[in-house]
Amino acid sequence: MNEVISKVSFGTDIHGLRHPIYFASVWGQGQSVLYAWIVAPFIKLFGFSIYLFRAPMAILSILTILGIIFSIYFSSKDKFLAVCVAVSLVTTPWLFISSRWVLDANISPIFVMLGLVFMYESMIRSSKRSRYIWLVFSAIFLALSAYGYVASWMYLPFLVVALIIASILKKWFSIQEMLIWSLIIFVIALPLVVFAYRVNIQHINKFSKFLFFDFPYLQANRVSSLISFKGSILGNIRVNVNSGIKQVIFGTDSLPQNSVAPYGAIFPFMLVFTFIGLLARKSFFNDNMRNFHTIVLISLFSFVPGMLVIKPNYNHWNFLWLPLAILTGYGLYLSFQRINKISWSIFLAVPVVIFWFFIFNFYFGFNNQENRFNNSNGSIAETQVIDHEMTKNYKHNKLYIESLPETFNIFRLSKKPISDSQYLLMENKAMRSSGSIVPAPSTSYGYLRDVENVSHASKGDLAMIYEDDLNNQGYRISNSHEWHVIANSEFNHRKVKIFQKE
(Lines give C-alpha, C1' and ligand atoms only; values in the text may rest on other atoms or scores of the structure.)
Protein backbone atom coordinates (compact mmCIF):
# COMPACT_ATOMS: atom_id res chain seq x y z
CA MET A 1 0.00 0.00 0.00
CA ASN A 2 2.82 2.39 0.84
CA GLU A 3 4.54 1.71 -2.47
CA VAL A 4 1.32 2.26 -4.43
CA ILE A 5 0.48 5.50 -2.63
CA SER A 6 4.01 6.77 -3.21
CA LYS A 7 3.84 5.85 -6.91
CA VAL A 8 0.44 7.50 -7.35
CA SER A 9 1.36 10.65 -5.39
CA PHE A 10 4.95 11.22 -6.49
CA GLY A 11 5.61 8.96 -9.47
CA THR A 12 8.20 6.90 -7.64
CA ASP A 13 8.34 4.07 -5.13
CA ILE A 14 9.30 4.84 -1.53
CA HIS A 15 12.99 4.73 -2.50
CA GLY A 16 12.66 7.18 -5.37
CA LEU A 17 12.71 4.67 -8.25
CA ARG A 18 10.43 5.74 -11.11
CA HIS A 19 10.04 2.39 -12.91
CA PRO A 20 10.96 -0.29 -10.37
CA ILE A 21 10.86 -3.86 -11.59
CA TYR A 22 10.88 -5.00 -7.97
CA PHE A 23 10.35 -3.14 -4.71
CA ALA A 24 13.27 -3.03 -2.31
CA SER A 25 10.75 -2.43 0.52
CA VAL A 26 11.57 -0.72 3.79
CA TRP A 27 13.25 -3.87 5.06
CA GLY A 28 15.39 -4.39 1.95
CA GLN A 29 14.30 -7.97 1.30
CA GLY A 30 12.21 -7.17 -1.76
CA GLN A 31 8.57 -7.33 -2.78
CA SER A 32 6.87 -8.10 -6.10
CA VAL A 33 5.37 -5.31 -8.23
CA LEU A 34 2.64 -7.00 -10.29
CA TYR A 35 -0.30 -6.18 -8.01
CA ALA A 36 0.96 -2.61 -7.60
CA TRP A 37 0.87 -2.19 -11.39
CA ILE A 38 -2.72 -3.40 -11.42
CA VAL A 39 -4.10 -1.39 -8.51
CA ALA A 40 -2.22 1.92 -8.98
CA PRO A 41 -4.50 3.24 -11.78
CA PHE A 42 -7.58 2.67 -9.59
CA ILE A 43 -6.01 4.52 -6.66
CA LYS A 44 -4.97 7.31 -9.04
CA LEU A 45 -8.54 7.70 -10.31
CA PHE A 46 -10.58 7.22 -7.14
CA GLY A 47 -8.21 7.81 -4.22
CA PHE A 48 -6.93 5.36 -1.64
CA SER A 49 -9.10 3.15 0.52
CA ILE A 50 -8.70 -0.38 1.86
CA TYR A 51 -11.77 -1.46 -0.07
CA LEU A 52 -10.47 -0.12 -3.37
CA PHE A 53 -6.99 -1.52 -2.78
CA ARG A 54 -8.43 -5.00 -2.28
CA ALA A 55 -11.10 -4.87 -4.99
CA PRO A 56 -8.92 -5.80 -8.02
CA MET A 57 -7.66 -8.92 -6.24
CA ALA A 58 -11.19 -10.06 -5.50
CA ILE A 59 -12.36 -9.26 -9.03
CA LEU A 60 -9.44 -11.11 -10.64
CA SER A 61 -10.12 -14.14 -8.44
CA ILE A 62 -13.78 -14.17 -9.47
CA LEU A 63 -12.84 -13.81 -13.15
CA THR A 64 -10.39 -16.69 -12.81
CA ILE A 65 -13.06 -18.93 -11.28
CA LEU A 66 -15.50 -17.96 -14.03
CA GLY A 67 -12.85 -18.50 -16.70
CA ILE A 68 -12.16 -22.04 -15.48
CA ILE A 69 -15.84 -22.93 -15.19
CA PHE A 70 -16.90 -21.47 -18.54
CA SER A 71 -13.97 -23.07 -20.37
CA ILE A 72 -15.04 -26.47 -19.09
CA TYR A 73 -18.76 -25.81 -19.54
CA PHE A 74 -18.63 -24.67 -23.17
CA SER A 75 -16.07 -27.23 -24.31
CA SER A 76 -17.57 -30.33 -22.69
CA LYS A 77 -20.68 -32.24 -23.71
CA ASP A 78 -21.35 -33.21 -20.10
CA LYS A 79 -22.07 -29.92 -18.28
CA PHE A 80 -22.07 -31.65 -14.91
CA LEU A 81 -18.25 -31.53 -14.81
CA ALA A 82 -18.43 -27.73 -14.82
CA VAL A 83 -20.94 -27.88 -11.93
CA CYS A 84 -18.61 -30.08 -9.86
CA VAL A 85 -15.56 -27.90 -10.55
CA ALA A 86 -17.63 -24.82 -9.68
CA VAL A 87 -18.66 -26.31 -6.32
CA SER A 88 -15.06 -27.22 -5.58
CA LEU A 89 -13.68 -23.77 -6.48
CA VAL A 90 -16.26 -21.65 -4.69
CA THR A 91 -15.91 -23.69 -1.49
CA THR A 92 -12.10 -23.55 -1.40
CA PRO A 93 -11.18 -21.54 1.73
CA TRP A 94 -7.77 -20.44 0.43
CA LEU A 95 -9.33 -18.64 -2.52
CA PHE A 96 -11.55 -16.54 -0.27
CA ILE A 97 -8.84 -15.76 2.26
CA SER A 98 -6.11 -14.93 -0.26
CA SER A 99 -8.48 -12.95 -2.48
CA ARG A 100 -9.49 -10.69 0.38
CA TRP A 101 -6.18 -10.32 2.22
CA VAL A 102 -3.90 -8.91 -0.48
CA LEU A 103 -0.43 -10.41 -0.33
CA ASP A 104 1.70 -9.53 -3.33
CA ALA A 105 2.64 -13.18 -3.97
CA ASN A 106 -0.93 -14.45 -4.25
CA ILE A 107 -1.58 -12.64 -7.54
CA SER A 108 0.89 -14.94 -9.29
CA PRO A 109 -1.17 -18.20 -9.16
CA ILE A 110 -4.13 -16.28 -10.59
CA PHE A 111 -2.09 -15.13 -13.59
CA VAL A 112 -0.68 -18.63 -14.07
CA MET A 113 -4.14 -20.16 -14.08
CA LEU A 114 -5.50 -17.53 -16.47
CA GLY A 115 -2.53 -18.23 -18.74
CA LEU A 116 -3.37 -21.95 -18.69
CA VAL A 117 -7.06 -21.29 -19.38
CA PHE A 118 -6.12 -19.09 -22.34
CA MET A 119 -3.81 -21.84 -23.62
CA TYR A 120 -6.68 -24.32 -23.41
CA GLU A 121 -9.00 -21.90 -25.22
CA SER A 122 -6.41 -21.62 -27.99
CA MET A 123 -6.17 -25.38 -28.20
CA ILE A 124 -9.89 -25.90 -28.84
CA ARG A 125 -10.23 -23.18 -31.47
CA SER A 126 -10.41 -24.08 -35.15
CA SER A 127 -9.62 -20.64 -36.55
CA LYS A 128 -5.87 -20.06 -36.92
CA ARG A 129 -6.25 -16.36 -36.08
CA SER A 130 -8.28 -17.15 -32.96
CA ARG A 131 -5.73 -19.75 -31.86
CA TYR A 132 -2.89 -17.24 -32.08
CA ILE A 133 -4.84 -14.53 -30.21
CA TRP A 134 -5.57 -16.83 -27.29
CA LEU A 135 -2.02 -18.19 -27.35
CA VAL A 136 -0.56 -14.68 -27.15
CA PHE A 137 -2.76 -13.92 -24.13
CA SER A 138 -1.59 -17.17 -22.56
CA ALA A 139 2.06 -16.22 -22.99
CA ILE A 140 1.51 -12.70 -21.63
CA PHE A 141 -0.25 -13.84 -18.47
CA LEU A 142 2.23 -16.63 -17.76
CA ALA A 143 5.17 -14.25 -18.22
CA LEU A 144 3.61 -11.54 -16.04
CA SER A 145 3.11 -14.07 -13.24
CA ALA A 146 6.88 -13.96 -12.75
CA TYR A 147 6.49 -10.34 -11.61
CA GLY A 148 4.08 -11.48 -8.90
CA TYR A 149 6.07 -13.96 -6.82
CA VAL A 150 9.75 -14.81 -6.54
CA ALA A 151 8.98 -18.57 -6.28
CA SER A 152 7.62 -18.39 -9.83
CA TRP A 153 11.20 -17.84 -10.98
CA MET A 154 11.76 -21.48 -10.10
CA TYR A 155 8.29 -22.71 -11.06
CA LEU A 156 7.78 -21.15 -14.49
CA PRO A 157 10.77 -22.74 -16.29
CA PHE A 158 9.55 -26.22 -15.32
CA LEU A 159 5.97 -25.33 -16.27
CA VAL A 160 6.86 -23.80 -19.64
CA VAL A 161 9.16 -26.66 -20.67
CA ALA A 162 6.58 -29.27 -19.61
CA LEU A 163 3.82 -27.50 -21.56
CA ILE A 164 6.00 -27.27 -24.68
CA ILE A 165 6.83 -30.98 -24.54
CA ALA A 166 3.21 -31.99 -23.92
CA SER A 167 1.91 -29.66 -26.64
CA ILE A 168 4.21 -31.13 -29.27
CA LEU A 169 3.83 -34.78 -28.23
CA LYS A 170 0.04 -34.54 -28.01
CA LYS A 171 -0.13 -32.33 -31.10
CA TRP A 172 -2.02 -29.60 -29.31
CA PHE A 173 0.08 -26.98 -31.09
CA SER A 174 2.58 -26.83 -33.91
CA ILE A 175 6.27 -26.23 -33.30
CA GLN A 176 5.88 -22.77 -34.83
CA GLU A 177 3.07 -21.90 -32.41
CA MET A 178 5.14 -23.05 -29.46
CA LEU A 179 8.16 -21.06 -30.62
CA ILE A 180 6.08 -17.87 -30.83
CA TRP A 181 4.50 -18.60 -27.43
CA SER A 182 7.91 -19.23 -25.85
CA LEU A 183 9.46 -16.14 -27.42
CA ILE A 184 6.73 -13.87 -26.04
CA ILE A 185 7.24 -15.31 -22.54
CA PHE A 186 11.01 -14.83 -22.81
CA VAL A 187 10.80 -11.22 -24.02
CA ILE A 188 8.35 -10.16 -21.31
CA ALA A 189 10.27 -11.98 -18.55
CA LEU A 190 13.73 -10.84 -19.76
CA PRO A 191 14.00 -7.72 -17.52
CA LEU A 192 13.23 -9.86 -14.49
CA VAL A 193 15.77 -12.47 -15.61
CA VAL A 194 18.41 -9.74 -15.80
CA PHE A 195 17.37 -8.45 -12.37
CA ALA A 196 17.59 -11.95 -10.86
CA TYR A 197 21.05 -12.38 -12.37
CA ARG A 198 22.29 -9.07 -10.98
CA VAL A 199 20.88 -9.70 -7.52
CA ASN A 200 21.63 -13.41 -7.08
CA ILE A 201 24.78 -13.86 -9.18
CA GLN A 202 26.45 -10.46 -9.33
CA HIS A 203 25.20 -9.43 -5.87
CA ILE A 204 24.86 -5.75 -6.87
CA ASN A 205 24.91 -3.24 -4.02
CA LYS A 206 23.50 -0.15 -5.72
CA PHE A 207 20.50 0.86 -7.80
CA SER A 208 20.86 0.21 -11.54
CA LYS A 209 18.85 0.25 -14.78
CA PHE A 210 17.97 -2.08 -17.64
CA LEU A 211 16.22 -0.47 -20.60
CA PHE A 212 13.73 1.87 -18.85
CA PHE A 213 13.37 -0.33 -15.76
CA ASP A 214 14.91 0.61 -12.41
CA PHE A 215 16.59 -2.17 -10.45
CA PRO A 216 16.96 -1.93 -6.68
CA TYR A 217 19.50 -3.95 -4.80
CA LEU A 218 18.42 -6.09 -1.86
CA GLN A 219 19.95 -5.77 1.59
CA ALA A 220 18.36 -9.07 2.62
CA ASN A 221 17.22 -12.14 0.73
CA ARG A 222 14.59 -14.85 0.85
CA VAL A 223 16.83 -17.75 1.85
CA SER A 224 14.88 -18.06 5.11
CA SER A 225 12.01 -19.34 2.97
CA LEU A 226 14.16 -22.20 1.66
CA ILE A 227 15.36 -25.38 3.31
CA SER A 228 18.89 -25.61 4.64
CA PHE A 229 21.37 -26.95 2.12
CA LYS A 230 23.80 -27.91 4.86
CA GLY A 231 24.04 -31.46 6.16
CA SER A 232 21.78 -34.07 4.61
CA ILE A 233 19.95 -32.32 1.79
CA LEU A 234 17.75 -35.35 1.14
CA GLY A 235 16.87 -35.49 4.82
CA ASN A 236 15.98 -31.79 4.83
CA ILE A 237 13.81 -32.27 1.73
CA ARG A 238 11.99 -35.18 3.35
CA VAL A 239 11.26 -33.15 6.50
CA ASN A 240 10.12 -30.20 4.38
CA VAL A 241 7.71 -32.23 2.26
CA ASN A 242 6.33 -34.06 5.30
CA SER A 243 5.66 -30.72 6.98
CA GLY A 244 3.77 -29.48 3.92
CA ILE A 245 1.69 -32.66 3.69
CA LYS A 246 0.73 -32.32 7.36
CA GLN A 247 -0.41 -28.73 6.75
CA VAL A 248 -2.69 -29.97 3.98
CA ILE A 249 -4.08 -32.93 5.94
CA PHE A 250 -4.59 -31.12 9.25
CA GLY A 251 -6.06 -28.02 7.62
CA THR A 252 -3.80 -25.21 8.82
CA ASP A 253 -0.36 -23.70 8.36
CA SER A 254 -0.66 -22.03 11.80
CA LEU A 255 -0.62 -18.54 10.25
CA PRO A 256 -3.90 -16.76 11.12
CA GLN A 257 -3.80 -14.59 7.99
CA ASN A 258 -3.65 -17.72 5.80
CA SER A 259 -5.84 -20.37 7.35
CA VAL A 260 -8.40 -21.29 9.95
CA ALA A 261 -7.96 -24.77 11.43
CA PRO A 262 -9.22 -27.28 10.48
CA TYR A 263 -10.61 -25.93 7.19
CA GLY A 264 -7.29 -25.75 5.34
CA ALA A 265 -6.50 -24.41 1.91
CA ILE A 266 -8.86 -27.09 0.61
CA PHE A 267 -11.25 -28.86 2.98
CA PRO A 268 -9.27 -31.89 4.26
CA PHE A 269 -12.33 -34.17 3.97
CA MET A 270 -12.47 -33.26 0.26
CA LEU A 271 -8.96 -34.62 -0.36
CA VAL A 272 -10.37 -38.05 -1.15
CA PHE A 273 -12.03 -36.50 -4.20
CA THR A 274 -8.76 -34.72 -5.02
CA PHE A 275 -6.98 -38.08 -5.26
CA ILE A 276 -9.81 -39.54 -7.33
CA GLY A 277 -9.47 -36.62 -9.74
CA LEU A 278 -5.68 -36.88 -9.70
CA LEU A 279 -5.58 -40.60 -10.50
CA ALA A 280 -8.61 -40.69 -12.79
CA ARG A 281 -8.49 -42.95 -15.82
CA LYS A 282 -8.47 -40.87 -18.98
CA SER A 283 -11.07 -43.14 -20.56
CA PHE A 284 -13.73 -41.50 -18.35
CA PHE A 285 -13.33 -38.17 -20.18
CA ASN A 286 -13.85 -36.90 -23.69
CA ASP A 287 -10.94 -35.25 -25.52
CA ASN A 288 -11.48 -31.70 -24.23
CA MET A 289 -12.07 -32.81 -20.64
CA ARG A 290 -8.97 -34.98 -20.86
CA ASN A 291 -6.78 -32.20 -22.29
CA PHE A 292 -7.80 -29.68 -19.64
CA HIS A 293 -7.15 -32.33 -16.98
CA THR A 294 -3.67 -32.87 -18.41
CA ILE A 295 -2.87 -29.16 -18.36
CA VAL A 296 -3.91 -28.97 -14.72
CA LEU A 297 -1.75 -32.00 -13.86
CA ILE A 298 1.23 -30.39 -15.60
CA SER A 299 0.73 -27.18 -13.61
CA LEU A 300 0.54 -29.19 -10.40
CA PHE A 301 3.58 -31.40 -10.91
CA SER A 302 5.70 -28.53 -12.23
CA PHE A 303 5.74 -27.21 -8.67
CA VAL A 304 7.21 -30.42 -7.24
CA PRO A 305 10.78 -29.00 -7.40
CA GLY A 306 9.49 -25.99 -5.47
CA MET A 307 7.86 -28.22 -2.87
CA LEU A 308 11.20 -29.88 -2.25
CA VAL A 309 13.12 -26.72 -1.33
CA ILE A 310 10.56 -24.02 -0.43
CA LYS A 311 9.40 -24.14 3.19
CA PRO A 312 5.68 -24.83 3.30
CA ASN A 313 2.87 -22.52 4.24
CA TYR A 314 -0.25 -21.67 2.30
CA ASN A 315 1.41 -18.65 0.66
CA HIS A 316 4.74 -20.29 -0.16
CA TRP A 317 3.02 -23.24 -1.81
CA ASN A 318 0.25 -21.17 -3.38
CA PHE A 319 0.71 -22.61 -6.89
CA LEU A 320 -0.82 -25.88 -5.63
CA TRP A 321 -4.26 -24.80 -4.52
CA LEU A 322 -6.02 -23.89 -7.76
CA PRO A 323 -4.88 -27.08 -9.56
CA LEU A 324 -5.86 -29.19 -6.55
CA ALA A 325 -9.27 -27.50 -6.35
CA ILE A 326 -9.89 -28.24 -10.03
CA LEU A 327 -8.81 -31.86 -9.59
CA THR A 328 -11.18 -32.08 -6.62
CA GLY A 329 -13.97 -31.05 -8.98
CA TYR A 330 -12.93 -33.78 -11.39
CA GLY A 331 -12.99 -36.25 -8.49
CA LEU A 332 -16.49 -35.15 -7.51
CA TYR A 333 -17.61 -35.60 -11.10
CA LEU A 334 -16.24 -39.14 -11.35
CA SER A 335 -17.65 -40.15 -7.96
CA PHE A 336 -21.13 -38.86 -8.67
CA GLN A 337 -21.29 -40.59 -12.03
CA ARG A 338 -21.68 -43.84 -10.13
CA ILE A 339 -24.57 -42.89 -7.87
CA ASN A 340 -28.13 -41.76 -8.53
CA LYS A 341 -29.14 -38.12 -8.85
CA ILE A 342 -30.71 -37.83 -5.39
CA SER A 343 -27.57 -39.14 -3.75
CA TRP A 344 -25.21 -36.88 -5.66
CA SER A 345 -27.39 -33.87 -4.87
CA ILE A 346 -26.97 -34.63 -1.17
CA PHE A 347 -23.23 -35.22 -1.45
CA LEU A 348 -22.73 -32.11 -3.53
CA ALA A 349 -24.43 -30.07 -0.81
CA VAL A 350 -21.94 -31.21 1.85
CA PRO A 351 -19.01 -28.93 0.86
CA VAL A 352 -21.45 -26.02 0.45
CA VAL A 353 -22.84 -26.53 3.97
CA ILE A 354 -19.33 -26.84 5.47
CA PHE A 355 -18.27 -23.72 3.62
CA TRP A 356 -21.33 -21.85 4.94
CA PHE A 357 -20.25 -22.78 8.48
CA PHE A 358 -16.69 -21.63 7.76
CA ILE A 359 -17.87 -18.25 6.42
CA PHE A 360 -20.28 -17.35 9.20
CA ASN A 361 -18.24 -18.68 12.11
CA PHE A 362 -14.67 -17.77 11.19
CA TYR A 363 -14.24 -15.75 8.01
CA PHE A 364 -16.10 -12.63 9.14
CA GLY A 365 -14.82 -12.57 12.70
CA PHE A 366 -13.16 -14.46 15.51
CA ASN A 367 -13.29 -13.75 19.25
CA ASN A 368 -14.99 -10.40 18.58
CA GLN A 369 -12.21 -9.29 16.26
CA GLU A 370 -13.36 -7.06 13.44
CA ASN A 371 -11.08 -8.78 10.96
CA ARG A 372 -9.60 -12.23 11.40
CA PHE A 373 -7.03 -11.99 8.66
CA ASN A 374 -5.59 -8.55 9.35
CA ASN A 375 -4.62 -8.92 12.97
CA SER A 376 -0.96 -9.73 12.40
CA ASN A 377 -0.40 -6.80 10.03
CA GLY A 378 -2.32 -3.95 11.63
CA SER A 379 -5.56 -2.07 11.24
CA ILE A 380 -5.64 1.10 9.16
CA ALA A 381 -8.79 2.34 10.92
CA GLU A 382 -7.36 1.91 14.42
CA THR A 383 -4.07 3.52 13.39
CA GLN A 384 -5.89 6.52 11.95
CA VAL A 385 -7.74 7.01 15.25
CA ILE A 386 -4.44 7.02 17.14
CA ASP A 387 -2.81 9.35 14.65
CA HIS A 388 -5.77 11.75 14.82
CA GLU A 389 -5.61 11.88 18.63
CA MET A 390 -1.86 12.46 18.64
CA THR A 391 -1.89 15.23 16.03
CA LYS A 392 -4.94 16.95 17.58
CA ASN A 393 -4.50 16.62 21.35
CA TYR A 394 -0.87 15.57 21.91
CA LYS A 395 1.00 17.27 19.09
CA HIS A 396 3.92 18.20 21.37
CA ASN A 397 4.26 14.76 22.93
CA LYS A 398 5.74 11.41 21.98
CA LEU A 399 3.99 8.05 21.78
CA TYR A 400 6.03 5.00 22.84
CA ILE A 401 4.92 1.79 21.15
CA GLU A 402 6.11 -1.78 20.91
CA SER A 403 8.16 -2.94 17.90
CA LEU A 404 8.30 0.31 15.96
CA PRO A 405 9.95 -1.18 12.82
CA GLU A 406 7.07 -3.63 12.45
CA THR A 407 4.35 -0.97 12.72
CA PHE A 408 6.16 1.85 10.89
CA ASN A 409 4.53 1.05 7.55
CA ILE A 410 0.99 1.29 8.84
CA PHE A 411 1.64 4.56 10.65
CA ARG A 412 3.22 6.01 7.52
CA LEU A 413 0.17 4.89 5.58
CA SER A 414 -2.19 6.68 7.98
CA LYS A 415 -0.47 10.01 7.38
CA LYS A 416 -0.65 12.32 4.41
CA PRO A 417 1.60 10.74 1.74
CA ILE A 418 5.23 11.83 1.91
CA SER A 419 7.84 11.56 -0.81
CA ASP A 420 11.14 9.78 -0.59
CA SER A 421 13.05 13.01 -0.03
CA GLN A 422 10.53 14.20 2.61
CA TYR A 423 10.96 10.93 4.44
CA LEU A 424 14.72 11.34 4.50
CA LEU A 425 14.42 14.87 5.87
CA MET A 426 11.87 13.70 8.44
CA GLU A 427 14.33 11.10 9.65
CA ASN A 428 17.09 13.74 9.88
CA LYS A 429 19.22 11.67 7.57
CA ALA A 430 21.53 13.13 4.99
CA MET A 431 20.32 12.65 1.45
CA ARG A 432 21.50 9.19 0.61
CA SER A 433 24.25 8.50 -1.85
CA SER A 434 23.05 7.10 -5.17
CA GLY A 435 21.69 3.60 -4.84
CA SER A 436 21.34 3.38 -1.06
CA ILE A 437 18.31 1.87 0.64
CA VAL A 438 17.05 3.69 3.70
CA PRO A 439 15.55 1.10 6.05
CA ALA A 440 12.51 1.48 8.25
CA PRO A 441 13.22 3.55 11.38
CA SER A 442 14.03 1.34 14.34
CA THR A 443 13.80 3.77 17.25
CA SER A 444 11.85 6.87 16.16
CA TYR A 445 9.46 8.13 13.49
CA GLY A 446 7.65 11.43 13.84
CA TYR A 447 5.98 11.36 17.26
CA LEU A 448 6.57 7.60 17.54
CA ARG A 449 9.27 6.11 19.75
CA ASP A 450 10.08 2.48 20.38
CA VAL A 451 9.09 1.46 23.89
CA GLU A 452 12.60 0.13 24.46
CA ASN A 453 13.66 3.78 24.82
CA VAL A 454 10.88 4.76 27.23
CA SER A 455 13.47 5.84 29.80
CA HIS A 456 13.90 8.99 27.68
CA ALA A 457 10.21 9.91 27.95
CA SER A 458 9.26 13.37 29.17
CA LYS A 459 6.29 14.59 31.18
CA GLY A 460 3.09 14.31 29.13
CA ASP A 461 4.43 11.62 26.78
CA LEU A 462 2.24 8.58 26.12
CA ALA A 463 2.85 4.86 25.95
CA MET A 464 0.61 2.28 24.28
CA ILE A 465 0.93 -1.25 25.68
CA TYR A 466 -0.95 -4.38 24.65
CA GLU A 467 -2.94 -5.69 27.62
CA ASP A 468 -1.49 -9.18 27.18
CA ASP A 469 2.02 -7.68 27.39
CA LEU A 470 1.54 -5.76 30.63
CA ASN A 471 3.52 -8.37 32.54
CA ASN A 472 6.24 -8.58 29.91
CA GLN A 473 7.48 -5.67 27.81
CA GLY A 474 5.06 -3.24 29.49
CA TYR A 475 5.85 -4.28 33.05
CA ARG A 476 8.10 -1.32 33.90
CA ILE A 477 5.43 1.14 32.68
CA SER A 478 2.36 -0.51 34.20
CA ASN A 479 4.09 -0.80 37.57
CA SER A 480 5.67 2.64 37.62
CA HIS A 481 4.23 5.40 39.79
CA GLU A 482 5.17 7.91 37.04
CA TRP A 483 2.81 6.36 34.47
CA HIS A 484 -0.97 6.31 34.76
CA VAL A 485 -3.67 4.78 32.55
CA ILE A 486 -5.67 7.46 30.75
CA ALA A 487 -7.55 5.35 28.17
CA ASN A 488 -8.36 1.88 26.89
CA SER A 489 -8.32 1.29 23.16
CA GLU A 490 -7.49 -1.24 20.43
CA PHE A 491 -4.56 -1.52 18.06
CA ASN A 492 -3.95 -4.31 15.55
CA HIS A 493 -7.23 -5.81 16.77
CA ARG A 494 -5.76 -6.26 20.26
CA LYS A 495 -6.75 -4.44 23.42
CA VAL A 496 -4.28 -1.81 24.58
CA LYS A 497 -3.91 0.53 27.52
CA ILE A 498 -2.74 4.12 26.98
CA PHE A 499 -0.45 5.43 29.72
CA GLN A 500 0.71 9.01 30.26
CA LYS A 501 3.79 10.11 32.18
CA GLU A 502 3.14 12.64 34.94
Side-chain angles (χ1 to χ4, degrees), residues 1-2 26-27 50 97 100-101 103 252-262 313 360-415 440-502:
M1 292 179 185
N2 275 279
V26 293
W27 300 285
I50 298 296
I97 295 173
R100 174 164 173 252
W101 176 63
L103 181 70
T252 181
D253 63 355
S254 300
L255 296 175
Q257 67 268 31
N258 291 346
S259 63
V260 175
N313 66 46
F360 285 96
N361 287 276
F362 292 97
Y363 180 68
F364 285 120
F366 185 79
N367 288 345
N368 297 317
Q369 293 173 351
E370 180 182 345
N371 187 329
R372 169 66 177 173
F373 305 110
N374 251 13
N375 55 4
S376 65
N377 292 294
S379 164
I380 297 293
E382 292 168 358
T383 306
Q384 288 173 334
V385 170
I386 294 168
D387 184 63
H388 176 75
E389 286 297 314
M390 289 300 300
T391 54
K392 180 181 179 182
N393 300 320
Y394 303 97
K395 58 184 178 181
H396 300 299
N397 303 113
K398 306 294 187 295
L399 174 64
Y400 289 82
I401 65 174
E402 301 180 44
S403 305
L404 173 60
E406 296 176 11
T407 55
F408 152 73
N409 250 348
I410 194 169
F411 272 99
R412 175 171 176 166
L413 195 63
S414 71
K415 291 179 174 292
S442 58
T443 58
S444 66
Y445 176 69
Y447 58 75
L448 297 176
R449 297 293 183 272
D450 194 280
V451 77
E452 289 291 335
N453 298 317
V454 75
S455 59
H456 300 294
S458 303
K459 182 179 179 180
D461 286 347
L462 308 178
M464 182 174 67
I465 306 296
Y466 293 114
E467 285 191 1
D468 50 14
D469 283 345
L470 290 176
N471 293 324
N472 299 310
Q473 197 167 5
Y475 180 82
R476 56 182 169 175
I477 294 176
S478 61
N479 288 274
S480 171
H481 67 278
E482 295 183 321
W483 293 87
H484 299 279
V485 177
I486 61 171
N488 295 302
S489 187
E490 288 192 355
F491 181 63
N492 289 4
H493 304 289
R494 293 166 63 186
K495 293 182 177 180
V496 295
K497 288 188 178 296
I498 309 296
F499 293 82
Q500 186 171 35
K501 189 171 183 180
E502 298 182 355

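- Partner of Ile401 under the side chain to side chain contact (heavy atoms under 4.5 Å, CB included) criterion, chosen from Val451, Ile386, Leu448: Leu448.
- Under the side chain to side chain donor-acceptor pair (under 3.5 Å) criterion, His484 pairs with Glu502, not counting sequence neighbours.
- Residues meeting the side chain to side chain donor-acceptor pair (under 3.5 Å) test with Lys501, sequence neighbours left out: none.
- Legend: residues meeting side-chain contact (heavy atoms from CB on, under 4.5 Å) with Ser489, ordered by chain and number and at least two apart, are Val496.
- With hydrogens and angles disregarded, a donor-acceptor distance shorter than 3.5 Å links the side chain of Ser480 to the backbone of Glu482.
- Interatomic distance, Lys392 NZ to Lys395 NZ, rounded to the nearest 0.5 Å: 11.5 Å.
- Trp101 places a side-chain heavy atom less than 4.5 Å from the side chain of Asn258.
- Remark: Leu399 CG to Arg449 CZ distance equals 10.0 Å, nearest 0.5 Å.
- Under the side chain to side chain donor-acceptor pair (under 3.5 Å) criterion, Asn479 pairs with no residue at all, not counting sequence neighbours.
- To the nearest 0.5 angstrom, Ile380 atom CD1 is 11.0 Å from Asp387 atom CG.
- Counted by atom type alone, Asn453 and Thr443 present zero donor-acceptor pairs between their side chains at under 3.5 Å.
- The side chain to side chain donor-acceptor pair (under 3.5 Å) test applied to Thr407 returns no partner, not counting sequence neighbours.
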Residues 457-467 side chain polar contacts: donor-acceptor under 3.5 Å, at least two apart:
residue, atom, partner, partner atom, Å
Asp461, OD1, Lys398, N, 3.0
Asp461, OD2, Ser458, N, 2.7
Tyr466, OH, Asn492, ND2, 3.3

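- The side-chain heavy atoms of Phe411 and Tyr447, taken from C-beta on, include a pair separated by under 4.5 Å.
- Judged purely by atom type and a 3.5 angstrom limit, Ser259 uses its side chain to pair as donor or acceptor with the backbone of Asp253.
- Counting heavy atoms from C-beta outward, Asn409 and Met1 have side chains that stay 4.5 Å or more apart.
- For Asp450 against Tyr400, the heavy-atom pair with the smallest separation is O-CD2, 3.5 Å.
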